[in-house]
Amino acid sequence: MTDVGEEAEDASVSTEDLQKSEDELEAELEAELAELEEGEEDEPAAEAETSSPELDTEPAAEPEPQPEPEPEPEPEVEQGGYQIDPERVEDLLWDLELVLLEADVAQEVARELRDEMERRLPRIRVDAKSEVPQAVESELTSAIRSLLEGRSFKFDEWLLTEDERPLTVMFVGVNGTGKTTTIARVAHRMKELGFSSVLAAGDTYRAGAIEQLKQHGDKLGVRVVNHEPGSDAAAVAFDAIDHAESRKKDLVLVDTAGRMQTDSNLMDELAKIDRVADPDLTIFVGDSLAGNDAIEQAKEFDKAVGVDASVLTKVDTDAKGGAALSIAHAVGKPVAYLGVGEGYDDLIPFDPDWMIERIFE
Ligand SMILES: Nc1nc2c(ncn2[C@@H]2O[C@H](COP(=O)(O)OP(=O)(O)OP(=O)(O)O)[C@@H](O)[C@H]2O)c(=O)[nH]1
Ligand SMILES: [Mg+2]
């Protein structure tokens, strides 16, 4: 069995090759489905009886008057009479798993879906063979949907249903995943919904990080609380919350420095910010292009500070979006938003159906 995981990670494979193999895989899956459709052709209709012309010259006897022939009854289609040839199920499952892996669905999640489909495919019963491919597709969609059940976090609704003010939200993740951009976009979205925010410049570590957040604040007309570069990030969060309380703001959005989940010093520092800010919600921001790595990161951040939900960014640059499925399922945390571009409006609430369509489009 080819190790697809390794193949997909081979840096020497060109994007064109990957694209080609992805197209080929999809074509294979389609061919497999088409074959299922053709597999068992309906019995050809019985040939109409043709009698050879009589050469007899004798005048034919006056035929006895025959009763009108009863119309041939339509062959009855047994309800749910067709099922997939068990020998084809294995091929179909294999192709399915490959398509999922090519769409950046993590191996453990692809395998789980394959197992689920292995249970579902033999149970498919349709009235006509031509309905099999559609039935397979809808089973798959329902399998993915049930994997994602309860895996979306409705941030806007959360804000409306929570009475406490201000609500503090801390954003965590490795370097460059889009934390600061996401904070700016959430502030923008909340402003449009009529909620006020304060931004805490908690990345006191990277040069230019405070300035970056201040620029967003200026553009959006949102207050940024900051200290000197290199200062204590927990103190910045504390001051921002204090400011929001006194000004009756709805939200405090705490930016934090990007850090590798393996850097124990920086993870300890994050735990300190967490203790001081005591956020109502901690959001892990992951780069959808990171694939399986993002799952690992999310798990580690969860261990360190307790993650409540995720935002997956750069979905616009991720061809298929399977990473969202993996994060939502494998990490067991709901996805709040997807980042789909670099603009302030390019943040959309996570919708499992949108993602399913993208994987199989
Ligand atoms: N295409 C695209 N780019 C994005 C998206 N989100 C963020 N970016 C870009 O990713 C880059 C990094 O974004 P930042 O918000 O600075 O990331 P960060 O996690 O705050 O980075 P550090 O603070 O250095 O850890 C920027 O160039 C953003 O414009 C997205 O959804 N799509
Ligand atoms: Mg940042």
Side-chain angles (χ1 to χ4, degrees), residues 15 104 155 169-189 197-220 222 224-227 229-231 233-234 236-237 240 252-263 265-267 269-270 273-274 277 279 282-291 293-294 296-298 300-301 304-305 307 309-324 327-328 335-351 354-355 358:
T15 355
D104 285 333
F155 191 95
V169 185
M170 180 168 79
F171 294 76
V172 301
V174 306
N175 311 70
T177 55
K179 295 174 292 299
T180 307
T181 311
T182 298
I183 286 174
R185 294 193 288 208
V186 170
H188 169 64
R189 186 180 171 88
S197 306
V198 173
L199 311 186
D203 181 354
T204 54
Y205 188 77
R206 181 173 63 79
I210 296 173
E211 203 45 48
Q212 184 191 1
L213 195 68
K214 279 168 87 175
Q215 276 177 13
H216 283 305
D218 286 348
K219 278 190 204 151
L220 295 168
V222 174
V224 176
V225 171
N226 70 284
H227 292 182
S231 59
V236 179
V252 181
L253 305 175
V254 181
D255 195 11
T256 61
R259 67 201 77 213
M260 292 304 292
Q261 73 279 12
T262 47
D263 186 328
N265 285 340
L266 286 179
M267 290 306 270
E269 192 238 4
L270 189 64
I273 306 173
D274 183 51
T282 299
I283 291 188
F284 167 77
V285 181
D287 179 335
S288 61
L289 292 173
D293 282 352
E296 205 40 49
Q297 293 160 12
E300 290 304 316
F301 275 93
V305 290
V307 164
S310 301
V311 168
L312 267 182
T313 58
K314 311 185 192 179
V315 176
D316 51 310
T317 58
D318 169 17
K320 292 289 188 177
I327 288 271
V335 178
Y337 293 114
L338 299 179
V340 293
E342 295 190 73
Y344 286 130
D345 285 320
D346 295 327
L347 188 75
I348 58 168
F350 178 60
D351 171 9
W354 179 87
M355 199 213 56
R358 223 176 132 89

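This is a predicted model, so every value here is computed, not measured. Whatever order the structure lists them in is the order used to number ligands and atoms, beginning at 1.
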Point to revise | Donor-acceptor pair, side chain of Lys214 and main chain of Ala209, under 3.5 angstrom | key: no
Practice item. State the atoms of ligand 1, each with its element, that fall below the 4.0 Å cut-off from a heavy-atom position in Arg206. Key: 22 (P), 23 (O), 24 (O)
Check your understanding: Donor-acceptor pair, Asp346 side chain versus Gly343 backbone, under 3.5 Å?
Key -> yes
Exercise for review: Among all protein heavy atoms, pick the one closest to atom 8 (N) of ligand 1 and tell me residue, atom and distance.
Suggested key: Lys314 CE, 3.9 Å
Check your understanding: ligand 1 and Gly176, any nitrogen or oxygen pair closer than 3.5 angstrom?
Key -> yes
Review point. In terms of atom number and element, which parts of ligand 1 are under 4.0 angstrom from non-hydrogen atoms of Asp203?
Key: 23 (O)
Point to revise | Contacts of the Mg ion (ligand 2) with protein N/O/S atoms, counting only those under 2.8 Å | key: Thr180 OG1
Review point. Should the pair His216 and Tyr344 be assigned to parallel (<30°), tilted (30 to 60°) or perpendicular (>60°) ring geometry?
Key: perpendicular
Practice item. State whether the side chain of Ser288 and the backbone N or O of Leu312 hold a donor-acceptor pair below 3.5 Å, judged by distance alone. Key: no
Review point. Would a distance-only check, ignoring hydrogens and angles, find a side-chain to backbone donor-acceptor pair under 3.5 Å from Asp203 to Arg206?
Key: yes
Exercise for review: For ligand 1, indicate whether the residue Thr181 contacts it via side chain, backbone, both or neither (heavy-atom separation under 4.0 Å).
Suggested key: both
**Study point:** Leu253 to Phe171 - nearest heavy-atom pair and separation
**Key:** CD2-CE1, 3.9 Å
Review point. What's the spacing between His188 NE2 and Leu220 CG if we round to 0.5 Å?
Key: 7.0 Å
Point to revise | Heavy atom of the protein closest to atom 16 (O) of ligand 1 (residue, atom name, distance) | key: Gln212 NE2, 3.0 Å
Practice item. For a side-chain contact (heavy atoms from CB on, under 4.5 Å) with Phe301, tell me which candidate from Ile283, Val174, Val285 qualifies. Key: Val174
Exercise for review: Determine the minimum heavy-atom distance between Ser310 and Ile327, stating which atoms define it.
Suggested key: OG-CG2, 3.7 Å
Review point. Going by distance only, is there an N or O of Ala257 that falls short of 3.5 Å from an N or O of ligand 1?
Key: no
Review point. Between Thr180 (side chain) and Leu213 (backbone), is there a donor-acceptor pair under 3.5 Å?
Key: no
Review point. Which atoms of ligand 1 sit under 4.0 Å from any heavy atom of Asn175?
Key: 25 (O)
Study note, to complete from the structure: for atom 1 (N) of ligand 1, nearest protein heavy atom and its distance come out as Asp316 OD2, 2.8 Å
Point to revise | Contact partition for Arg185 relative to ligand 1, non-hydrogen atoms under 4.0 Å | key: side chain
Review point. Going by the atom numbers of ligand 1, which of them fall below 4.0 Å from some non-hydrogen atom of Gly339?
Key: 31 (O)
**Study point:** ligand 1 to Thr313 polar contact by distance, N or O atoms, under 3.5 Å
**Key:** no
Exercise for review: List every atom of ligand 1 that sits less than 4.0 Å from any heavy atom of Gly258, numbering the atoms from 1 in the order shown and giving each element.
Suggested key: 25 (O)
Review point. How far is atom 17 (O) of ligand 1 from its nearest protein heavy atom, and which residue and atom name does that atom have?
Key: Gly178 N, 3.0 Å
Study note, to complete from the structure: heavy-atom search around atom 30 (C) of ligand 1 in the protein gives Gly341 O, 3.0 Å
Practice item. Search all heavy atoms of Lys179 against all heavy atoms of Gly258 and return the closest pair with its distance. Key: NZ-CA, 3.4 Å
Check your understanding: If we only count N/O pairs under 3.5 Å, is Lys179 in contact with ligand 1?
Key -> yes
Review point. Centroid-to-centroid, Tyr337 to Phe155, below 6.0 Å?
Key: yes
Study note, to complete from the structure: Here the atoms of ligand 1 under 4.0 Å from any heavy atom belonging to Val340 are 31 (O)
Exercise for review: Without swapping roles, check the side chain of Thr182 against the backbone of Gly178 for a donor-acceptor pair under 3.5 Å.
Suggested key: yes
Review point. So, is Asp255 polar-close to ligand 1, with some N/O to N/O distance under 3.5 Å?
Key: no
Review point. Hey, does the side chain of Thr256 reach the backbone of Leu270 with a donor-acceptor pair shorter than 3.5 angstrom?
Key: no
Check your understanding: Can Asp287 and Thr313 be said to form a side-chain hydrogen bond (donor to acceptor under 3.5 Å, both in side chains), step by step?
Key -> CA-CA 5 Å; Asp287 179 335; Thr313 58; 4.9 Å; no
**Study point:** Glu342-ligand 1 polar pair, N/O distance under 3.5 Å
**Key:** yes
